Amino acid sequence: MNAENSDIWSEWLLTHRHGGDTRHEKTIRDDVTRYADRVLDAAGLSEGMTLADIGTGDGLVGFRAIERIGQSLNVLMTDVSRPMLRYVETLADQRNIRQQCQFFNCSAEALAGIDDASVDVVAMRAVLAYVADKGIAMREFYRILKPGGRISIAEPVLRDEAFEVCALRKLVDGLAGVSDDPFFPLMLRWRSAQFPDTEEKARQLPITNYGERDLIRFAMDATFTEIHLELHIDVLPADPPSWEVFINNSPHPLAPTLKHILEDRFTLEERQFFISRLRPLIESGRQLSASRIAYVTAVKPRG
């Protein structure tokens, strides 16, 4: 995509999520496909239904649903990013399923163009994390669902990442005047550019101002019933990417890459020192990777 056809969402999904590396892209694609398939396993889709794929991104959930159900499934694909919608529409044409898809450029909080009680299933993966008012979004899902309709969602829970950076901030503040090793202050400069470093900031940022129990509360407040949540936490040895992939990768669309942070916020001397300490750690293969995914299903009452 050229500059006029891109935004932070398309740049992240198509480049920064995997650092521009095809091998790492496949690893991430395999992971997110498993998440999407779990969402669809719980969605209860069948022939002739209408699915709203909210925050469709690169179309993964909607396309996987069509693969499962076939030609009778109607899919409404929404996204706040115009470039991503154009990208997904092109993919739909290439797959010869364009006639089954409709595209809506709107946020999850205001699903403009989708009628009341017109959808059988609302499904999404990693969307509410970026929504400022998650309660309003949940009420929009309720509005567009038919009585008896169902939501099935998977959301990353990133609050712990913020807590880790807040703890690093306290460590660095505690070392002031005690240690002259600049590594931890530089580590904080990097990490705080990607995640909030105070509890107040964490409460203000959409990606860190909620936990899994809040998702239940949002569904209850919207008057959904039959609400079920599963929290999956996996801590595994990280598959270390190359250093170039690592510095060109970012953990979420709102975060700059480490390469950008080094160029923008570090002096040349600081960059050289920080890389000399961090790169061996990253390439050692001894790092652990933690993922926290909340899966939620709920039903709109019939009466």
Side-chain angles (χ1 to χ4, degrees), residues 8-35 126 129-130 156-176 178-198 201-202 205 207-208 232-293:
I8 62 169
W9 311 104
S10 61
E11 289 174 359
W12 187 77
L13 280 166
L14 302 179
T15 303
H16 297 320
R17 181 167 64 169
H18 50 77
D21 180 79
T22 54
R23 177 179 172 275
H24 194 48
E25 180 180 17
K26 182 182 184 305
T27 298
I28 291 176
R29 168 63 63 165
D30 290 344
D31 287 342
V32 298
T33 297
R34 284 194 293 272
Y35 304 148
Y130 305 103
V157 180
L158 300 174
R159 183 177 282 177
D160 283 359
E161 276 81 351
F163 290 162
E164 290 170 3
V165 182
C166 291
L168 179 59
R169 161 68 66 188
K170 293 178 181 177
L171 172 66
V172 170
D173 289 346
L175 289 174
V178 176
S179 172
D180 58 359
D181 184 349
F183 180 68
F184 287 109
L186 293 177
M187 176 75 80
L188 177 62
R189 195 181 303 173
W190 161 40
R191 296 290 287 148
S192 64
Q194 296 182 332
F195 289 97
D197 60 355
T198 68
K201 291 178 183 177
L205 194 65
I207 63 168
T208 56
H232 290 213
I233 301 178
D234 295 293
V235 182
L236 302 169
D239 179 17
S242 69
W243 176 250
E244 283 302 312
V245 171
F246 182 79
I247 65 173
N248 283 292
N249 165 278
S250 73
H252 58 83
L254 306 180
T257 64
L258 175 54
K259 181 178 181 180
H260 179 82
I261 295 166
L262 289 171
E263 292 173 348
D264 189 53
R265 307 189 185 200
F266 286 57
T267 67
L268 176 60
E269 183 179 359
E270 288 172 337
R271 286 200 297 270
Q272 292 173 340
F273 170 80
F274 187 64
I275 290 172
S276 73
R277 294 279 293 271
L278 182 63
R279 183 169 181 171
L281 293 175
I282 298 302
E283 294 180 336
S284 70
R286 296 193 297 268
Q287 304 298 306
L288 295 176
S289 173
S291 68
R292 304 168 186 86
I293 307 293

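Just the heavy atoms: all of them, side chains too, but no hydrogens, waters or symmetry mates, feed the values below. Because the structure is a prediction, the values reported are computed rather than measured.
Exactly one of Phe195, Trp9, Trp12 qualifies for a ring-ring contact (aromatic ring centres under 6.0 Å, His included) with His252. That residue is Phe195. The side chain to side chain contact (heavy atoms under 4.5 Å, CB included) with Glu270 is formed by just one residue from the set Phe273, Phe274, Phe266; it is Phe266.
In plain terms, the two heavy atoms of Asp197 and Lys201 that are nearest each other are OD1-NZ, 3.0 Å. Across every non-hydrogen atom of Ser250 and Pro256, the tightest pair is CB-O, 3.8 Å. The two atoms that bring Ile261 and Arg189 nearest to each other are CG2-O, 4.3 Å, heavy atoms only. Residues Thr208 and Pro196 come closest through the heavy atom pair OG1-CG, 3.6 Å. Nearest heavy-atom pair, Ile207 versus Leu158, reported as atom, atom and distance to 0.1 Å: O-CB, 3.5 Å. The minimum heavy-atom distance between Ala290 and Val235, with the atom names listed, is CB-CG2, 4.0 Å.
Taking CZ of Arg191 as the start and CZ of Phe184 as the end, the distance is 13.5 Å to the nearest 0.5 Å. Expressed to the nearest 0.5 Å, how far CG of Leu13 lies from NE2 of His18 amounts to 8.5 Å. Atom CD of Glu164 and atom CG of Leu171 lie 13.0 Å apart (nearest 0.5 Å). Rounding to the nearest 0.5 Å places CD of Gln272 at 8.0 Å from CD1 of Ile275. The OG1 atom of Thr257 lies 8.0 Å from the CD atom of Gln194; values are rounded to the nearest 0.5 Å. Here the straight-line distance linking atom CG of Leu262 with atom CG of Leu268 works out to 11.0 Å at 0.5 Å rounding.
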Hey, mind stepping through Met187 and Leu278 against side chain to side chain contact (heavy atoms under 4.5 Å, CB included) and telling me if it holds?
CA-CA 9 Å; Met187 176 75 80; Leu278 182 63; 4.2 Å; yes
Test log, rule side chain to side chain contact (heavy atoms under 4.5 Å, CB included), inputs Arg17 and Val32:
CA-CA 11 Å; Arg17 181 167 64 169; Val32 298; 4.0 Å; yes
Arg159 vs Arg292, test: side chain to side chain contact (heavy atoms under 4.5 Å, CB included). Steps then yes/no.
CA-CA 10 Å; Arg159 183 177 282 177; Arg292 304 168 186 86; over 6 Å; no
Please evaluate residues Trp190 and Leu168 with respect to the criterion side chain to side chain contact (heavy atoms under 4.5 Å, CB included), reporting the C-alpha separation (whole Å), side-chain torsions for both, the decisive distance (0.1 Å), and the verdict.
CA-CA 11 Å; Trp190 161 40; Leu168 179 59; over 6 Å; no
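Residues Arg277 and Leu186 are not in side-chain contact: their nearest non-hydrogen atoms beyond the backbone lie 4.5 Å or more apart.
A 6.0 Å sphere centred on CZ of Arg23 holds no more than 12 heavy atoms belonging to other residues, nucleotides or ligands.
The existence of a salt bridge linking Glu25 and Arg29 is excluded, since no basic side-chain nitrogen approaches an acidic carboxylate oxygen closer than 4.0 Å. Asp31 and Arg34 are joined by a salt bridge, as a carboxylate oxygen and a charged side-chain nitrogen come within less than 4.0 angstrom of each other.
The backbone N or O of Val245 lies less than 3.5 Å from no partner atom in the side chain of Asn249, so there is not a single donor-acceptor pair. Side-chain N or O atoms of Ser284 include one that pairs as donor or acceptor with a backbone N or O of Leu281 at under 3.5 Å.
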